[in-house]
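In listed order, ligands and their atoms are each counted from 1. Count residues from 1 along the sequence. Since we're looking at a predicted model, the values are computed, not measured.
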Amino acid sequence: MGNLRVSSMLVLSLIVGSIIAAFANNFHQDVEITWGGRHAQILGRQGSLLTLSMDKTSRGAGFESTKDFLFGRFNMQMKLIAGNSAGTVTTFYLSSEGPSHDEIDLEFLGNKSGAPYTLHTNVFSHGQGGREEEFHLWFDPTKHFHAYSIVWNPQNIIILVDNIPIRVFSNQESIGVPYPNHQRMKVYASLWDADDWATRGGRVKTDWSKAPFTAYYRNFVASSAWEMQGLSARGRQLLTWVQKRYRIYNYCNDLKRKQRHGRPPECGHGPSEQQER
Ligand SMILES: *[C@@H]1O[C@H](CO)[C@@H](O)[C@H](O)[C@H]1NC(C)=O
């Protein structure tokens with residue numbers, strides 16, 4: 001499945017509407033480096049490539065979009081740290097500001113050479129998170145660039161990898177689940193050192209002799225295409241495929257969590273699926 005190519009048109013049921021490209025693919029215009037100084041670099045005359053790096057002196061770097069958005073589709077191509085990346089976290093996410101903030105997260109947790117990355121996802125609405133789903137990928141994310149996307153519209157949040165939907169968080173305000181739909185969000189990305197928890201619960205530490213660690217970003221496109229409503233039949237099929245084979249954690253099926261806090265209302269009331277971990 002490494003070479004699977006899917007057009008986004010097949011996956012999302014698109015309600016016809018104008019797609020307004022807000023901006024595309026020039027990091028000089030589209031983002032601001034917020035921390036890390038020289039460890040964040042925009043390269044190429046058109047500013048089409050951005051690298052974040054980390055060594056013992058910097059412990060990371062990050063940037064954010066110059067604009068903020070209320071709904072849209074956000075695409076980034078990323079190539080992750082090759083080799084031993086244990087302890088590192090590379091991120092691409094949306095977030096609003098303030099105390100009861102909204103956030104949609106993709107965090108790539110590094111691993112030892114040859115061991116798989118974990119893609120950790122979460123959704124915060126009105127300050128409340130705790131909705132983690134984690135995946136392994138069906139390819140090596142350090143070899144080539146792959147496309148990671150967040151679709152955020154009034155009905156659904158859809159996270160896609162190479163146009164394959166891996167997670168959907170639907171608006172269930174009607175049963176009292178808060179949904180991010182009134183605070184504008186910016187796009188953020190960062191590389192940082194989290195060896196106290198990132199890899200196997202902090203048991204595998206960052207090997208600084210392998211530094212600098214570098215992650216690559218390109219083809220950042222944000223568009224206010226919130227007309228995209230949900231998944232097509234093909235999209236739902238692909239989602240099921242990914243969730244069966246590559247999802248390694250789903251908060252809805254976390255029994256310990258359920259005993260402590262009860263089953264989150266958005267997880268439904270049916271018999272819980274099999275414990276996955
Ligand atoms: C690292 O690899 C191990 C298997 O070797 C796997 O169980 C784990 O999920 C991987 N990811 C992280 C972040 O530890």
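For Ser149, the side-chain contact (heavy atoms from CB on, under 4.5 Å) test picks out Arg73, Asn75, Leu160, with sequence neighbours left out.
Residue-level proximity to ligand 1 for Lys112 is absent, since no heavy atom of it falls below 4.0 angstrom. Contacts with ligand 1 closer than 4.0 Å are made by backbone heavy atoms (N, CA, C, O) of Ala198 only, the side chain lying farther away.
Taking only nitrogen or oxygen atoms, main chain and side chain alike, Tyr117 does not reach within less than 3.5 Å of ligand 1.
Near Asn111, meaning under 4.0 Å from one of its heavy atoms, ligand 1 places the atoms 1 (C), 2 (O), 3 (C), 8 (C), 10 (C), 11 (N), 12 (C), 14 (O). In the vicinity of Arg200, heavy-atom distances shorter than 4.0 Å reach the ligand 1 atoms 14 (O). Near Thr199, with a cut-off below 4.0 Å to any heavy atom, the atoms of ligand 1 are 14 (O). Near Gly110, with a cut-off below 4.0 Å to any heavy atom, the atoms of ligand 1 are 13 (C).
No side-chain donor-acceptor contact under 3.5 Å links Thr51 to the backbone of Tyr216.
In this structure, His136 counts as a contact residue of ligand 1, since one of its heavy atoms falls inside 4.0 Å of the ligand.
Between His146 and Phe139, the ring planes are parallel. Angles under 30° get that label, and only those over 60° would be called perpendicular.
Sequence neighbours left out, not one pair with a member in residues 77-104 passes salt bridge (charged side-chain N to carboxylate O under 4.0 Å, His left out).
In this structure, a donor-acceptor pair under 3.5 Å is absent between the side chains of Glu107 and Asn122.
Linking Ile, Leu, Val, Met, Phe, Trp and Tyr residues whenever their side-chain heavy atoms come within less than 4.5 Å leaves Leu109 and Tyr117 in two separate clusters.
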